[in-house]
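First listed ligand is number 1; within each ligand, the first listed atom is number 1.
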Amino acid sequence: MEHVPVVIVGAGPTGLTAALMLAERGVACLLLDRFPEPYPLPRAVHLDDEVFRILAGLGLAGDLRRISRPAPGMRLVDRRLRVLAEFTRDPVGPHGFPQANMFDQPDLERLLRARLRSLPRVTIRGGSLVYGVEQPPSGPVRVRYRSVEDGTEHTVSADAVLGCDGANSVVRDALGAGWEDLGFEQTWLVVDAVSAEPLDTYDGVQQVCDPVRAATFMMVTPGRYRWEFLAREPIDVPERIRPWLGAVDPASLTMLRQAEYTFRGAVADRWQDRRVFLLGDAAHLTPPFIGQGMCAGIRDAANLSWKLAMVLAGSADDRLLATYERERRPYAKTMIRMAILIGRVMTGGALPRLLVRAAARLPGVERRATTIVWPAFGRGPLVGRGGGRLCPATLDPRLGDGFALVASGTPDALLVRPDRIVAAAGRGVDPRMLAAAGVFVRPLRYN
Ligand SMILES: O=C(O)CCc1cccc(O)c1
């Protein structure tokens, strides 16, 4: 039977990022994806500065800048597009990259796949439908899959399996995990289109707060636009997009896709069973109102991959792997709850809108909301061992390259580079962990 150290089920951004991170640490991976070719249609459109930093750490900063554009932020607006509240995003955030970036998911997947092709340790086997994951009391995990092309059945064994196979995850079913429902379910129509003429509107994301005609509008990349409409009833698309078109004729747009989605908030009730893990949409579902769905999956990959690489190399034991769910699950819940809150402001009655309008005028509220909504600012993919704790870490752009992390006023502060320790001060953190995490930390004040 074929054996590989890690089988990754699902070759979307989460699975591809996990494969890249493992391969860069010397761990061979097999990616199994049900689709023979990369999925060509638009889906995720936003990544934040921490996710930019994670991908930049894989050598993709230049390519990412080429396929994305920085966005100025997000506005909550009323039905006449008058601003109720605004969240502005910096062109260089605490992680050293633009805080909001718009892109097209197929472009990102192409980048990740091209990078993977340059690494010898990764195989992508498209058209492979996984139907079974078994973990005997001892020995490796077994993954069973069927070739979509010729129906042949195969079994591969692995030291670990990552379920990055989305909302309908087969790996989650095999784990026996259910959903913890966070109390949000709505049907929305998502419309992607190209306009030859630029639409003359705000460059960021607009969220229309109106219980009947709630909507989202954004320019994705130049000429590429997305609308999302709460679909309590059939939607007349040309009529609904007109407020953003100015003089542009709706008939002149090229429609790329119209699809109904159920937006849900939920987290899997367990993310790990021994050496089988859930990541991305297999582990959490969020409504898209703060653009964090894909970001959360990439953070999962960044959190787990260096730990798994260490454990497989024998430099840490399996207890380290248990920190993955412990760290990521509460984060995912906070993020989803915030997305749901924005969804409630958009689709609820008058009171939430009035409160938002009033709160937006208070000093410091925007900053506070951002730190709650994007909790990654407060928690990096770091973990201490033996009681050691690393306090909120963030990037110090002054150290160049956008890869330095600053640990604040902590006895555990360290300066490390991915492969070697540059300077260490304090106690309680195993420097090998930070090095394996690919972080640069140096003792500095946190501002
Ligand atoms: O962080 C931001 O400013 C953008 C939030 C966003 C991105 C994409 C879709 C969406 O509904 C919100």
Problem - N or O pair under 3.5 Å between M102 and ligand 1 - result: no

Return yes when [X] approaches ligand 1 closer than 4.0 angstrom through a heavy atom, no otherwise.
X: G204; value: no
X: F87; value: no
X: Q207; value: yes

Problem - Within 45° cone and under 6.0 Å: R75 NZ/CZ vs Y202 ring - result: yes

Handout entry: Whether R69 side chain and V220 backbone form a donor-acceptor pair below 3.5 Å
Key = yes

Problem - F289 ring center near W188 ring center (under 6.0 Å) - result: yes

Practice task
Fit a plane to each ring of F97 and F52, take the angle between them on a 0 to 90° scale, and name the class: parallel (under 30°), tilted (30 to 60°) or perpendicular (over 60°).
Solution key: parallel

Fill in the blank from the handout: Honestly, for E228 the part within reach of ligand 1 (heavy atoms, under 4.0 Å) is neither

Problem - Region of I290 engaging ligand 1 - heavy atom pairs below 4.0 Å - result: backbone

Problem - Of the listed options R89, R75, M74, closest to atom 1 (O) of ligand 1 (non-hydrogen atoms) - result: R89

Practice task
Please say which of D281, L31, I8 ends up in a side chain to side chain contact (heavy atoms under 4.5 Å, CB included) with C164.
Solution key: I8

Handout entry: Proximal atoms of ligand 1 relative to G73 (non-hydrogen, under 4.0 Å)
Key = 3 (O)

Problem - With E180, the salt bridge (Lys or Arg N to Asp or Glu O under 4.0 Å) member among R264, R270, K333 - result: K333

